Amino acid sequence: MNLIQLENVRKQFGNFTAVDDISFSIEKGCIYGLLGPNGAGKTTTLRMIMDIIAPDSGKITFSENRQIKHFLDRIGYLPEERGLYRKMKVQDVILFIAELKGMRKSEAIIEIEKWIVQMQLNEWVDKRVDQLSKGMAQKIQFITTVLHSPELIILDEPFSGLDPINMTLLKDMMLDLRENGATIIFSTHVMEQVEKLCDRICLIHQGSILLEGELRTIKQSFGKSSVEIEYIGSIEPIRDSQWVQDCNDFGQYAEIKLKTPEDYRPFLRELVDKKVDVTRFELMEPTLHDIFVRSVEAHGGTVPDAE
């Protein structure tokens with residue numbers, strides 16, 4: 001069952017079209033990746049879902065035909081631009097926001113204690129927000145987003161400012177929330193994160209959808225056009241191979257992008273013919289970044305310098 005559906009949604013700011021006639025639906029209980037480089041239209045789309053701004057045309061609906069004004073209290077939103085009251089203590093600011101979202105104080109205190117432990121913030125509850133690092137403040141804001149057990153959780157660049165350990169912690173929290181029935185929209189321009197988390201994706205470029213659907217199906221549709229090899233000695237004999245588009249050599253290991261998925265057989269024969277001592281040869285699916293580049297180029301566009 002779909003939790004949310006966008007139909008032919010469009011938004012302009014003056015002569016600039018930020019979102020151009022996009023349509024997609026999000027099933028309950030999934031992690032949905034809204035992807036694209038900075039300026040693609042992701043945040044504008046999220047703000048329309050949240051009713052912060054209204055679409056110029058099109059329709060946004062929720063399950064059971066709920067209107068946004070009746071659904072807002074079931075949404076948790078972590079915006080890209082963070083905002084916490086910097087002079088308040090950590091526990092006080094979380095409690096304040098929880099009560100704004102309709103939680104009773106006694107209920108909120110219990111939930112705050114649980115989340116403080118889960119997010120490893122025990123030593124920081126009596127500190128003021130302006131005494132926290134960017135990563136610590138990010139974890140606090142995440143708690144304020146999910147404390148009231150929202151049905152829909154919208155996370156706009158949630159890993160910004162986090163070190164690898166806290167990125168893993170937040171990732172685990174997202175998976176737990178999904179297992180407990182929450183639906184998550186995960187917006188980012190860092191596509192490597194999406195490959196490990198999302199069930200479905202919507203890839204946006206310049207306000208338009210390039211790809212939308214189940215992540216596994218999309219990746220399979222592009223075929224396996226990359227090869228990873230481990231070798232002994234040198235791969236110099238095949239650097240200029242007619243089958244190779246790009247070669248990233250690490251010494252005894254190399255990532256090789258082929259010109260087409262069908263080129264792996266002649267390329268393997270060439271490795272044998274030129275006596276490259278290969279100990280492992282593995283076909284790899286393209287990364288989301290590769291898929292994005294190929295999709296943009298197929299639509300006659302150019303790719304910005306982004307992850």
Side-chain angles (χ1 to χ4, degrees), residues 2-6 9-11 13 17-20 22-53 55 58 60 62 68 71-72 74-83 134-135 138-139 141-146 150-162 166-167 170-171 173-175 177-178 182-215 218 287-289 291-292 295-296 303-304 306-307:
N2 292 331
L3 179 66
I4 184 171
Q5 185 165 322
L6 281 72
V9 172
R10 181 180 177 87
K11 183 64 182 179
F13 297 99
T17 302
V19 174
D20 191 7
I22 67 171
S23 300
F24 61 83
S25 58
I26 301 174
E27 294 180 356
K28 288 185 175 182
C30 79
I31 299 180
Y32 189 90
L34 190 60
L35 318 176
N38 293 328
K42 305 186 301 297
T43 297
T44 299
T45 300
L46 296 181
R47 288 174 176 169
M48 287 189 288
I49 291 173
M50 287 287 300
D51 202 32
I52 296 172
I53 56 176
I60 301 174
F62 298 90
I68 182 61
F71 191 70
L72 277 175
R74 304 302 309 136
I75 298 177
Y77 180 38
L78 177 68
E80 182 177 10
E81 298 297 328
R82 314 305 186 215
K134 183 178 179 181
Q138 173 74 337
K139 290 164 71 174
Q141 186 128 11
F142 179 79
I143 293 175
T144 67
T145 301
V146 302
E151 191 174 346
L152 173 64
I153 300 169
I154 300 174
L155 305 175
D156 197 352
E157 301 290 355
F159 295 109
S160 176
L162 296 181
N166 282 312
M167 287 177 66
L170 187 59
K171 177 264 296 180
M173 293 297 103
M174 291 171 62
L175 294 175
L177 288 163
R178 180 186 64 180
T183 303
I184 299 173
I185 302 177
F186 172 32
S187 176
T188 184
H189 69 282
V190 184
M191 298 188 190
E192 291 81 358
Q193 297 168 350
V194 175
E195 294 189 76
K196 302 172 184 177
L197 281 170
C198 292
D199 305 299
R200 296 177 66 88
I201 64 167
C202 178
L203 188 57
I204 298 179
H205 180 59
Q206 295 180 348
S208 298
I209 294 177
L210 299 185
L211 291 169
E212 198 280 331
E214 184 182 21
L215 176 58
I218 288 173
T287 65
L288 269 181
H289 175 76
I291 290 172
F292 172 66
S295 299
V296 171
V303 181
E307 293 182 66

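Bear in mind that the values here come from a model prediction, so they are computed numbers and not experimental data.
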**Q** Output, in order, the C-alpha distance, side-chain angles, deciding distance and verdict of side chain to side chain contact (heavy atoms under 4.5 Å, CB included) for Phe13 and Ile53.
**A** CA-CA 11 Å; Phe13 297 99; Ile53 56 176; 3.9 Å; yes
**Q** Under the rule for salt bridge (Lys or Arg N to Asp or Glu O under 4.0 Å), what residues qualify as partners of Glu195, not counting sequence neighbours?
**A** Lys219
**Q** Output yes when a side-chain donor or acceptor of Lys42 lies under 3.5 Å from a complementary backbone atom of Gly36, and no otherwise.
**A**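 Such a contact is found between Lys42 side chain and Gly36 backbone.
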**Q** Less than 4.5 Å apart, any side-chain heavy atom of Phe24 and any of Ile209?
**A** yes
**Q** Suppose we screen for side-chain hydrogen bond (donor to acceptor under 3.5 Å, both in side chains). Which residues come up paired with Thr287, at least two apart in sequence or across chains?
**A**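 Only Asp290 meet the side-chain hydrogen bond (donor to acceptor under 3.5 Å, both in side chains) criterion with Thr287.
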**Q** Does Lys11 reach the side chain of Met48, with side-chain heavy atoms less than 4.5 Å apart?
**A**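 Side-chain contact under 4.5 Å: yes.
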**Q** With rounding to the nearest 0.5 Å, note down the distance linking CG in Leu72 to CD1 in Ile49.
**A**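 Atom-to-atom, Leu72:CG and Ile49:CD1 are 12.0 Å apart.
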**Q** What is the distance from atom OH of Tyr32 to atom CD1 of Ile201, rounded to the nearest 0.5 Å?
**A**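 Reported value, rounded in 0.5 Å steps: 8.5 Å.
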**Q** So which atom in Ser25 and which in Glu212 form the shortest heavy-atom distance, rounded to 0.1 Å?
**A**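 Looking at all heavy atoms of both residues, the shortest contact is O-OE2, 4.2 Å.
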**Q** For atom CZ of Arg200, is the number of surrounding heavy atoms from other residues, nucleotides or ligands below 6.0 Å larger than 12?
**A**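 Above 12, so yes.
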**Q** Below 30° counts as parallel, above 60° as perpendicular, anything between as tilted: where do the rings of Phe186 and Phe159 land?
**A** perpendicular
**Q** Locate the shortest heavy-atom distance separating Ile22 from Ser208; write the atom from each residue and the value.
**A** CG2-CA, 4.4 Å
**Q** When rounded to the nearest 0.5 angstrom, what is the spacing between CD in Gln141 and CD1 in Ile143?
**A**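 The distance works out to 11.0 Å.
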**Q** Report the distance from atom CD1 of Ile60 to atom CD1 of Ile4, rounding to the nearest 0.5 Å.
**A** 6.5 Å
**Q** What heavy-atom pair brings Ala182 and Ile153 nearest, and what distance separates the two atoms?
**A**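 Minimum heavy-atom separation between Ala182 and Ile153: CB-CD1, 3.9 Å.
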**Q** First locate atom CG of Leu35, then atom NE2 of His289, and finally report the distance between them rounded to the nearest 0.5 Å.
**A**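 Result: 13.0 Å between the selected atoms.
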**Q** Of all the heavy-atom pairs spanning Ser187 and Leu46, show the shortest one and how long it is.
**A** CB-CD1, 3.7 Å
**Q** Would you confirm whether Thr183, through its side chain, and Gly29, through its main-chain N or O, come within 3.5 Å as a donor-acceptor pair?
**A** yes
**Q** Would you indicate whether the side-chain heavy atoms of Cys198 and Ile31 approach each other to under 4.5 Å?
**A**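 SC-SC contact between Ile31 and Cys198 confirmed.
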**Q** Give the minimum heavy-atom separation between Ala18 and Thr44, together with the two atoms involved.
**A** CB-OG1, 4.0 Å
**Q** Given Leu203 and Leu288, is the side chain to side chain contact (heavy atoms under 4.5 Å, CB included) satisfied, shown in steps?
**A** CA-CA 9 Å; Leu203 188 57; Leu288 269 181; 5.8 Å; no
**Q** Is the shortest heavy-atom distance from the side chain of Cys202 to the side chain of Leu34 under 4.5 Å?
**A**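 A side-chain contact under 4.5 Å exists here.
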**Q** State, yes or no, whether a side-chain contact exists between Leu6 and Thr45 at a heavy-atom distance under 4.5 Å.
**A** yes
**Q** Taking the side chain as every heavy atom from C-beta outward, state whether Leu3 and Ile26 have any pair of such atoms under 4.5 Å apart.
**A**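 Answer no - side chains too far apart.
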**Q** To the closest 0.5 Å, what do you measure between CG (Leu78) and CD1 (Ile184)?
**A**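 The CG atom of Leu78 sits 11.5 Å away from the CD1 atom of Ile184.
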**Q** Report the C-alpha separation of Asp199 and Glu27 in whole Å, then their side-chain angles, then the decisive distance to 0.1 Å, and conclude whether the side chain to side chain contact (heavy atoms under 4.5 Å, CB included) test is met.
**A** CA-CA 10 Å; Asp199 305 299; Glu27 294 180 356; over 6 Å; no
**Q** Side chains of Pro150 and Tyr77: closer than 4.5 Å at any heavy-atom pair?
**A**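 Pro150 does not reach Tyr77 side chain to side chain.
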**Q** Measuring only between side-chain heavy atoms, which start at C-beta, is Thr17 closer than 4.5 Å to Arg10?
**A** yes
**Q** Please give me the minimum heavy-atom distance between Pro55 and Val9, naming the atom from each residue.
**A** CB-CG1, 3.8 Å
**Q** Please check: side-chain N/O of Gln138 versus main-chain N/O of Pro158, any donor-acceptor pairing under 3.5 Å?
**A**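 The answer is yes, because a donor-acceptor pair under 3.5 Å joins these two groups.
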